[in-house]
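Have a look at the structure below, then the notes.
Every chain is numbered from 1, with letters handed out A, B, ... down the list of sequences.
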Number of protein chains: 2
Amino acid sequence: MVVAVADQQPSVLTVGPANALPSGPFELGHRSLQFGLRTWVEQQTDHQLGYIEQLYTFADRDRIGEQRQQRVISISYLALTRAEHAAGGKRAWRSWYDYFPWEDHRPGAPPMVVEILQPRLLAWADEASHPSLRRERRHRAAVAFGFEDHGWNEELVLQRYELLYEAALVEEATRGSLQSASLPILGTSMTADHRRILATGIARLRSKIKYRPVVFELMPPVFTLLQLQRTVEALSGRLLHKPNFRRLIEQQELVEETGETTADTVGRPAKLFRFRHAVLDERVVAGTKLPLSRS
Amino acid sequence: MVVAVADQQPSVLTVGPANALPSGPFELGHRSLQFGLRTWVEQQTDHQLGYIEQLYTFADRDRIGEQRQQRVISISYLALTRAEHAAGGKRAWRSWYDYFPWEDHRPGAPPMVVEILQPRLLAWADEASHPSLRRERRHRAAVAFGFEDHGWNEELVLQRYELLYEAALVEEATRGSLQSASLPILGTSMTADHRRILATGIARLRSKIKYRPVVFELMPPVFTLLQLQRTVEALSGRLLHKPNFRRLIEQQELVEETGETTADTVGRPAKLFRFRHAVLDERVVAGTKLPLSRS
DNA sequence: TCCAATTATTCTCTGAATGAGTATAATTTG
DNA sequence: CAAATTATACTCATTCAGAGAATAATTGGA
């Protein structure tokens, strides 16, 4: 899963006509998984990868090799890059909100959440035979999608996708069975379980930007604070409070002024900043939530 | 990596005489990786696993199969269980601080950190030819082990192990080469890269207990708040502030009183609590660190 | 019986971080 | 030159984390 942000859209690199993530075999020549991945993706996409992180390893039933009884082990990765190079040929950048239209809450909650997802999920809950199962399904849906008093939690991307899968509301879930009765169109579907991998990656990234300075892997060398904010907003799918965002960035000393300002747009020109690469050495991780004792 | 806590020692299940983690092949009959793992470990160790989490997938050079040119892919997992059943036969519980003696800061920082590790790491840093590399090595060591003004960060378990590995201060690092000159005894070594997996798992667990109620997987059904605190302290390797720990647990409503109290020990008897399993449904994840805007 | 020791529990105080909103500054556009 | 637009700075209230003190309920021995 190769991620970049351009024009305030978080985008993933896809290959082929059928919405697949770039993937390839792990070969004997490769020194390690990460190294093999890097060389492979750079060959296939002419793209330098910055940050790379392992996501998850799958070997489930629907991943059995064609002829012989042989398992395919899929090891998925998340990679961040800058969206400068335009992709051509068989590959294309595509907004991840094409695949997860219910995840973009920047203009407010999308109407489809209440108008389509909520009634369908409630109908699915009511299909259950046992009352306690019905209650459990309704509760899971409410937590995942923030239905009743529950608020929207942008990190629950995978839980939401799995819920829709269970309820057979995404195309992938109806593939094996013949009775594709409702045939819903909830987001663009993908090859195999690639949309599930995407959901895992989005969730991981939305969580990670909160405690590690990984956003800067997606930024150009020099940027304004608003551009930085728009990028974070694109990833998290939510709008941020501008003054407080500035305070957060500045008090953590993540950036330094270049001394220059923007000139192109209307309004007061904004100061340009660059990422302080030194912070990667200085602070490794921020957070303790345990009440430590002095001695 | 199967973890339990008994007698205030965080312990891992080992097999064989040579300090190995329990492991086994993934077979065609297994429905999924997680399912295969569960059945395999339960067969081998007579142990019911509670919480299971995938750690990392390795396929590096030193994991090449013996005869044919064939890679071995190792998928490591972290599992939490209760230490009630005594293990017998070829398997044994062993404190993870046997393998990482520098990680237990409960009685304060172990003397070995300043007396042994610091001088050896500084000597290793000075081996470097280039001054900037020397400075970088010293800085990395200071951050990882909290040498100068840097404090101790209990989550950097893997970074610390990797640093000691690079500096050839753990036995595993000197295996391939003939010149095992210094032959240091920094913790008990393990088969293959099992100690590295352990480090990964400890780091993951120390991080996770801060934002997910996983500690309770390690507790008996009923416990006092001090017992709970001692367990968290065993895992994190640090002492906690008692009143603040209580406040943290209570305000999150993680536990409920049973109505009973302990009777066996001296001092005022403590109330007994049990975990509120309902919280697993209620709050999925706590934290946002982004300055969200209202609308 | 009563005091010391021990452990449990509650409360207070302080400073830092967070959420929310307002005020001011420097541009472009008509 | 005023209005619109964007950037930046400041204020206030609330919550949360760190630290320590005070009080409660036991046991063990003098």
- prompt: Using the ring of each side chain (for Trp, its six-membered ring), is A/F100 parallel, tilted or perpendicular to A/W102, with breaks at 30° and 60°?
  reply: perpendicular
Rounded to 10°, the angle between the first-five-pair and last-five-pair axes of the helix from C/dT1-D/dA30 to C/dG30-D/dC1 is 10°
Atom CD of A/E257 and atom C1' of D/dA7 are separated, to the nearest Å, by 12 Å
(message) Please determine whether a side-chain nitrogen of the Lys or Arg among A/E257 and A/K271 lies less than 4.0 Å from a carboxylate oxygen of the Asp or Glu.
(response) yes
Item to check | Ionic contact status for B/E154 with B/K210, cut-off 4.0 Å | outcome: yes
In whole angstroms, the gap separating C1' of C/dT10 from CD1 of B/I249 amounts to 17 Å
- prompt: Contact class for B/K271 vs. all strands (heavy atom < 4.0 Å): base, sugar-phosphate, or nothing?
  reply: sugar-phosphate
Rounded to whole Å, the CD-C1' distance (A/Q229 to D/dA7) equals 12 Å
**Message:** A cation-pi test, strictly: NZ or CZ of A/R160 under 6.0 Å from the centre of the six-membered ring of A/W152 and no more than 45 degrees from its axis. Yes or no?
**Reply:** yes
Answer whether the closest heavy-atom distance between the side chains of B/T224 and B/L272 falls below 4.5 Å. yes
Next item on the list: Please state whether the phosphate of D/dA17, meaning OP1 or OP2, lies under 4.0 angstrom from any side-chain nitrogen or oxygen of B/R247.
Entry: no
Hey, is the side chain of A/Q251 poking within less than 4.0 Å of OP1 or OP2 on C/dA16, counting only N and O atoms? no
What nucleic acid atoms does A/L225 come within less than 4.0 Å of, heavy atoms only: base, sugar-phosphate, or nothing?
nothing
Whole-Å distance, B/L248 CG to D/dT15 P, equals 17 Å
Residue pair B/P243/A/P243 against DNA chain C: nearer the 5' end by closest nucleotide is B/P243
The answer to which of A/V266 and A/E250 contacts DNA chain D further toward the 5' end, by nearest nucleotide, is A/V266
* Close side-chain approach of A/L205 and A/W96, heavy atoms under 4.5 Å -> yes
note: A/F245, atom CZ; D/dA9, atom C1'; distance rounded to Å ~ 17 Å
When rounded to whole Å, the CD to P distance for the pair A/Q252 and C/dA17 reads 10 Å
Rounded to whole Å, the CG-P distance (B/L239 to D/dG20) equals 14 Å
**Prompt:** Does A/R268 have a side-chain nitrogen or oxygen under 4.0 Å from the phosphate oxygens OP1 or OP2 of C/dA25?
**Reply:** no
Heavy-atom nearest nucleotide on DNA chain D taken for A/R246 and for B/G267; more 5' hit belongs to A/R246
TODO: Tell me whether the OP1 or OP2 atom of D/dA7 has a side-chain N or O from A/K242 closer than 4.0 Å.
DONE: yes
A/K210 NZ to C/dA17 C1', in whole Å, measures 17 Å
- prompt: Does the side chain of B/Y51 reach to within under 4.5 Å of the side chain of B/K208, using non-hydrogen atoms?
  reply: yes
